[in-house]
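A quick write-up on the structure given underneath.
In the text below, chain A, chain B and the rest are named by the order of the sequence lines, each starting its count at 1.
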Amino acid sequence: MPELPEVETVVRGLQAALPGKRILDLRLGKTDFIEDPAALAQQLPGSRITSVRRYGKFIIVDLESANRNPPELSLLIHLGMTGQMVTCSPEVPSPPHTHLFFALDDGRELRYTDIRRFGSIRILTDVARKMLLGGLGVDPLEATQEEFVAKLHARRARIKALLLDQHVLRGIGNIYTDESLWRARIHPARLGANLKHQELRRLYHAVRDVLTEAIRLRGSSISDYVDSAGRPGGYQQRHRVYQREGKGCFRCGKPIHRAIVNGRSSYFCPSCQPAPRLRGRRRRSLPGRSLAYERCRSSSNK
DNA sequence: CTTACGGCCTGGGTGC
DNA sequence: TGCACCCAGGCCGTAA
């Protein structure tokens, strides 16, 4: 599940391997997940790669071609859940579900593999790309503390939803949301606006620490993720809550819970991350007053 | 406008 | 052995 640290790792690998290389040829497999495969086939061969960057969870591959008018286009790639971008020798047998093969002028091959085909690939002009990415929020590693606190405090949605919302912050997914909230000791169903400034400051540092450490360990490999050389990451061994339902909290030892928050599996420690009171104006006379956070009982397939 | 939620894409894993 | 079903994450449409 490539999120910011995984995409960053892939991008660093590609940035070390690709700039200056020319794409000689493109071979396509299944293309039903690509918006305009013909555009790729037409524009890519002959292009030279100038740089590879990350924007949120997107990979941007900048291209230039002398005999094209705009000479500069870029490839915008989203890995979805199971996407992989790997460079290797063309001799290496390609894994199943490899759908794009870029032949490079150094004799190597760049491949896109995606079991579920939830990813996306398109070739765009600068203007089109900026239009597409323009609505995304700030990068959590670039945001200032003031900016981060103000943004989240202004919203009444659940903090889990806000961290996952790419229009608020770009690049965070389910794993790093849960890991960050655990570290900041904040329950995923708390509302942004109800968080104390001190809690938001804690969350700011938690997010940064978690992402930075995850990048250092080259991302989390849960099922399919590998870097641009095909190697798994190591941060899954540092997960404190993600997929640890029933196991002991690393802080207090009590069992980690799983609940559906915002339609997403959420892992947290009910002791370190106390649930919010039941939401606002409730029918006045509830029989008893269950303070337990109802939505956090697992089950209830919503 | 904001928020919540269901559905959709696909295929691997699980459990009967 | 086969098969139905759950689930994953991001995104979009819709409803309140």
Side-chain angles (χ1 to χ4, degrees), chain A residues 1-7 10 29-35 37 54-59 76-84 95-100 112-122 131-137 140 150-181 188-195 214 219-226 232-233 235-236 239 241-245 258-267 276 278-282 293-296 298-302:
Chain A
M1 358 241 116
E3 306 178 21
L4 189 153
E6 290 77 32
V7 179
V10 170
K30 277 194 187 176
T31 56
D32 57 356
F33 68 105
I34 303 173
E35 205 177 56
R54 177 182 66 78
Y55 195 89
K57 297 178 198 169
F58 287 92
I59 300 169
L76 185 65
I77 301 158
H78 195 294
L79 299 176
M81 282 176 60
T82 54
Q84 305 175 342
H97 308 289
T98 302
H99 307 302
L100 285 90
Y112 179 79
T113 304
D114 191 346
I115 296 174
R116 302 274 155 85
R117 305 205 299 284
F118 285 7
S120 73
I121 300 189
R122 48 188 129 198
M131 289 270 277
L132 221 104
L133 300 178
L136 297 188
K151 250 190 143 154
L152 297 178
H153 196 64
R155 301 285 297 272
R156 291 200 53 78
R158 294 181 184 131
I159 190 63
K160 168 105 184 181
L162 295 174
L163 291 178
L164 285 173
D165 187 343
Q166 302 299 297
H167 302 278
V168 178
L169 295 167
R170 68 173 115 104
I172 304 177
N174 206 33
I175 295 175
Y176 297 105
T177 294
D178 284 2
E179 293 297 320
S180 300
L181 288 171
R190 299 276 306 277
L191 306 187
N194 289 352
L195 293 170
S220 302
S221 288
I222 298 298
S223 51
D224 305 283
Y225 164 72
V226 292
Y235 193 72
Q236 65 282 359
H239 289 177
V241 282
Y242 188 75
Q243 290 193 343
R244 295 194 63 250
E245 182 177 20
R258 183 174 84 98
I260 304 299
V261 179
N262 292 284
R264 287 277 167 271
S265 252
S266 304
Y267 300 89
L278 238 28
R279 267 174 310 172
R281 25 125 196 113
R282 211 98 174 105
Y293 186 69
E294 289 174 306
R295 292 173 137 326
C296 290
S298 4
S299 73
S300 131
N301 70 332
K302 290 223 105 160

Report, one pair per line, the protein and nucleotides 1-3 of chain B atoms (nitrogen or oxygen only) whose separation is under 3.5 Å.
from	atom 1	to	atom 2	distance (Å)
B:dT3	OP1	A:R156	N	2.6
B:dT3	OP1	A:A157	N	3.3
B:dT3	OP2	A:R155	NE	2.4
B:dT3	OP2	A:R155	NH2	2.5

Using nucleotides 10-13 of chain B, report all nitrogen or oxygen pairs with the protein that are shorter than 3.5 Å.
from	atom 1	to	atom 2	distance (Å)
B:dT10	O4'	A:R116	O	3.4
B:dG11	OP1	A:R117	NH1	2.8
B:dG11	O4'	A:R116	NE	3.4
B:dG12	OP1	A:H97	NE2	2.9
B:dG12	O4'	A:R116	NH2	3.1

Taking side-chain contact (heavy atoms from CB on, under 4.5 Å) as the definition, give me every residue that meets it alongside [X], ordered by chain and number, with sequence neighbours left out.
X	answer
A:E35	A:R122
A:P188	A:K160, A:L181, A:V261, A:S266, A:F268, A:Q273
A:P37	A:L28, A:T31, A:I34

Atom-pair distance (CD on A:Q243; C1' on C:dG9), nearest Å |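 Answer to the nearest Å: 13 Å.
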Sequence neighbours left out, what passes side chain to side chain donor-acceptor pair (under 3.5 Å) with A:T113? Give chain and number order.
->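 In terms of side chain to side chain donor-acceptor pair (under 3.5 Å), with neighbours along the sequence ignored, A:T113 is linked to A:T98.
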Respond yes when some side-chain nitrogen or oxygen of A:R264 is under 4.0 Å from OP1 or OP2 of B:dA4, and no when none is.
->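 A:R264 to B:dA4 OP1/OP2: no side-chain N or O under 4.0 Å.
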Taking only residues two or more places apart in sequence, or in another chain, which ones meet [X] in a salt bridge (charged side-chain N to carboxylate O under 4.0 Å, His left out)?
X	result
A:R117	A:D32
A:R155	none
A:R170	A:D139

Is there any protein nitrogen or oxygen under 3.5 Å from a nitrogen or oxygen in nucleotides 12-16 of chain C, and what are the pairs?
none

Report the residues that fulfil ring-ring contact (aromatic ring centres under 6.0 Å, His included) with A:Y176, sequence neighbours left out, ordered by chain and then residue number.
->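 Residues passing ring-ring contact (aromatic ring centres under 6.0 Å, His included) with A:Y176: A:Y235.
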Between the axis at one end of the helix from B:dT2-C:dA16 to B:dC16-C:dG2 and the axis at the other (five pairs apiece), what's the angle to 10 degrees?
->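 Roughly 40° between the end axes, to the nearest 10°.
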Counting side-chain heavy atoms from CB outward, which of C:dA8, B:dA4, C:dC11 is closest to A:N262?
->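 Of the candidates, B:dA4 comes closest.
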